[in-house]
Asks: 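Mind having a look at this structure? Questions to follow.
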Amino acid sequence: MLTRIDHIGIACFDLDRTVEFYRATYGFEVFHSEVNEEQGVREAMLKINETSDGGASYLQLLEPTREDSAVGKWLAKNGEGVHHIAFGTADVDTDAADIRDKGVRVLYDEPRKGSMGSRITFLHPKDCHGVLTELVTAAPSAPDDH
Ligand code: CMX
Ligand code: CO
């Protein structure tokens, strides 16, 4: 069951400058940052609020580490902006299987590594009314272990 907005993914050309914009404009601080080589991104997670299911909602700021990554290609075509949304679930395997059974393309056979040790998969934007949609199960110790 999808129980929260886990994050909104925002593609940017310069992570440090974008982080500074969110800090100076809204007061949001970096909760966690990492490089995910498999996804080809350098990312910063800004925690917005805790949620009633024990999780949290974040902004995920994404800078590509290579031009041929998903975010690199998207930025070249569209410029900066909202790249994807992510729903949180306690069981990404079951939710992804259920959604696949409904005829929506799930991009990975098995969930892959996401932010802070989470497990993630994606739904094809062409099957989701133009929205690239991620499903996330946080690591057992997340979101406070960073
Ligand atoms: N949102 C909405 N539509 C998108 C999109 C996005 N983020 N990315 C691509 N599309 C659309 C394109 O506009 C294009 O549409 P048209 O055919 O109408 O022009 C179509 O999808 C195909 O796009 P493409 O540029 O040819 O890109 P690819 O098919 O090579 O890749 C996708 C698209 C979704 C398979 C790829 O972006 C992907 O695998 N994404 C999942 C991984 C990811 O995004 N990782 C980065 C984030 C990591 C994280 O969140 O931790
Ligand atoms: Co994401």
Side-chain angles (χ1 to χ4, degrees), residues 1-19 21-22 26 28-51 53-146:
M1 186 173 52
L2 310 179
T3 54
R4 67 176 182 280
I5 303 287
D6 186 274
H7 63 267
I8 297 170
I10 297 171
C12 63
F13 290 115
D14 184 324
L15 186 63
D16 297 340
R17 287 185 59 182
T18 307
V19 161
F21 170 81
Y22 279 90
Y26 309 115
F28 297 143
E29 302 287 347
V30 174
F31 178 77
H32 173 87
S33 59
E34 69 183 85
V35 173
N36 185 330
E37 287 295 356
E38 184 177 32
Q39 294 292 336
V41 294
R42 194 161 79 90
E43 62 174 83
M45 299 295 278
L46 315 183
K47 190 194 276 190
I48 308 303
N49 58 272
E50 309 281 350
T51 58
D53 60 3
S57 295
Y58 304 86
L59 295 183
Q60 180 184 43
L61 305 180
L62 300 158
E63 179 192 283
T65 57
R66 46 179 198 269
E67 286 179 6
D68 66 347
S69 62
V71 173
K73 285 172 58 180
W74 190 87
L75 268 173
K77 186 173 167 187
N78 302 285
E80 296 185 315
V82 174
H83 179 257
H84 65 274
I85 63 170
F87 296 122
T89 166
D91 185 355
V92 63
D93 301 88
T94 297
D95 283 316
D98 288 349
I99 290 169
R100 180 178 273 134
D101 284 349
K102 294 174 185 175
V104 174
R105 277 171 287 172
V106 177
L107 296 185
Y108 306 148
D109 290 336
E110 294 290 334
R112 296 184 185 173
K113 176 189 168 304
S115 310
M116 298 179 279
S118 62
R119 297 174 67 241
I120 63 172
T121 195
F122 290 88
L123 313 179
H124 200 288
K126 290 293 173 189
D127 296 347
C128 301
H129 296 266
V131 179
L132 175 60
T133 304
E134 179 180 354
L135 309 179
V136 185
T137 295
S141 55
D144 292 323
D145 176 11
H146 62 108

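Since the model is a prediction, treat every value here as computed from it, not as a measurement. Start at 1 and go down the list; that is how both ligands and their atoms are numbered. The residues of the chain are indexed from 1 along the displayed sequence.
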Asks: Which ligand 1 atoms are under 4.0 Å away from a heavy-atom of Val71?
Replies: 46 (C)

Asks: Could you check whether atom 43 (C) of ligand 1 has a protein contact, counting only heavy atoms that fall below 4.0 angstrom?
Replies: yes

Asks: Mark whether atom 22 (C) of ligand 1 lies under 4.0 angstrom from at least one protein heavy atom.
Replies: no

Asks: Are Val136 and Tyr58 side-chain neighbours, meaning at least one heavy-atom pair lies under 4.5 Å?
Replies: no

Asks: Any ion pair linking Asp16 and Arg42 (charged N to carboxylate O, less than 4.0 Å)?
Replies: yes

Asks: Could you please spell out the steps behind the side-chain hydrogen bond (donor to acceptor under 3.5 Å, both in side chains) verdict for Gln60 and His84?
Replies: CA-CA 9 Å; Gln60 180 184 43; His84 65 274; 3.1 Å; yes

Asks: Would you say Gly9 touches ligand 1, if touching means a heavy atom closer than 4.0 Å?
Replies: no

Asks: Please find the N/O/S atom of His84 nearest to the Co ion (ligand 2) and write down its name.
Replies: NE2

Asks: To the nearest 0.1 Å, how far is atom 36 (C) of ligand 1 from its closest protein heavy atom, and which atom is that?
Replies: Ala70 CB, 4.0 Å

Asks: For a quick test of reading the model, state the closest non-hydrogen atom pair linking Asp91 to Thr137 and the distance between them.
Replies: N-OG1, 3.6 Å

Asks: Is there a donor-acceptor pair closer than 3.5 Å between any side-chain N or O of Gln39 and the backbone N or O of Gly114?
Replies: no

Asks: Taking atom CD of Glu67 as the centre, report whether more than 12 heavy atoms of other residues, nucleotides or ligands fall under 6.0 Å from it.
Replies: no

Asks: Can you confirm whether more than 12 heavy atoms, excluding those of Ile48, are under 6.0 Å from its CD1 atom?
Replies: yes

Asks: Given Leu15 and Glu43, is the side-chain contact (heavy atoms from CB on, under 4.5 Å) satisfied, shown in steps?
Replies: CA-CA 7 Å; Leu15 186 63; Glu43 62 174 83; 5.6 Å; no

Asks: Does any N or O atom in Asn36 lie less than 3.5 angstrom from one in ligand 1, N or O only?
Replies: no

Asks: Mark up the atoms of ligand 1 that fall under 4.0 Å of a heavy atom belonging to Lys126, in ascending order.
Replies: 14 (C), 15 (O), 16 (P), 17 (O), 18 (O), 20 (C), 21 (O)

Asks: Look at the N, O or S atoms of Ser115, main chain and side chain alike, and state whether any lies under 2.8 Å from the Co ion (ligand 2).
Replies: no

Asks: Closest to the Co ion (ligand 2), which N/O/S atom of His7 is it?
Replies: NE2

Asks: What protein heavy atom sits nearest atom 45 (N) of ligand 1, and how far off is it?
Replies: Gln39 OE1, 2.7 Å

Asks: Checking a contact table here: which protein heavy atom is nearest atom 10 (N) of ligand 1, and how many Å away?
Replies: Pro125 CG, 3.9 Å

Asks: How far is atom 51 (O) of ligand 1 from the closest protein heavy atom, and which atom is that?
Replies: Gln60 NE2, 3.2 Å

Asks: Please could you name the atoms of ligand 1 that Lys73 approaches to less than 4.0 Å, counting only its heavy atoms?
Replies: 27 (O), 28 (P), 30 (O)

Asks: From atom 3 (N) of ligand 1, is the closest protein heavy-atom distance below 4.0 Å?
Replies: yes

Asks: For atom 19 (O) of ligand 1, what is the nearest protein heavy atom, given as residue, atom name and distance?
Replies: Lys77 NZ, 3.1 Å

Asks: Based purely on interatomic distance, does His124 place a nitrogen or oxygen under 3.5 Å from a nitrogen or oxygen of ligand 1?
Replies: no

Asks: Counting from 1, what ligand 1 atoms have a heavy atom of His84 closer than 4.0 Å?
Replies: 47 (C), 50 (O)

Asks: Which atom, among the N/O/S set of Glu134, is closest to the Co ion (ligand 2)?
Replies: OE1

Asks: Could you list which atoms of ligand 1 come closer than 4.0 Å to a heavy atom of Tyr108?
Replies: 42 (C)

Asks: For Arg4 and Gly88, indicate whether the former's side chain and the latter's backbone hold a donor-acceptor pair under 3.5 Å.
Replies: no

Asks: May I ask whether atom 26 (O) of ligand 1 is less than 4.0 Å from at least one protein heavy atom?
Replies: no

Asks: Can you report which non-hydrogen protein atom sits closest to atom 7 (N) of ligand 1, along with the distance?
Replies: His83 O, 2.9 Å

Asks: Specify the protein heavy atom at minimum distance from atom 39 (O) of ligand 1: its residue, its atom name, and the distance to 0.1 Å.
Replies: Leu107 CD1, 3.6 Å

Asks: Looking only at non-hydrogen atoms, find the nearest pair between Thr121 and Ala96 and report the distance.
Replies: CG2-CB, 4.0 Å

Asks: Give me the nearest non-hydrogen protein atom to atom 5 (C) of ligand 1 as residue plus atom name, then the distance to 0.1 Å.
Replies: Trp74 CD1, 3.6 Å

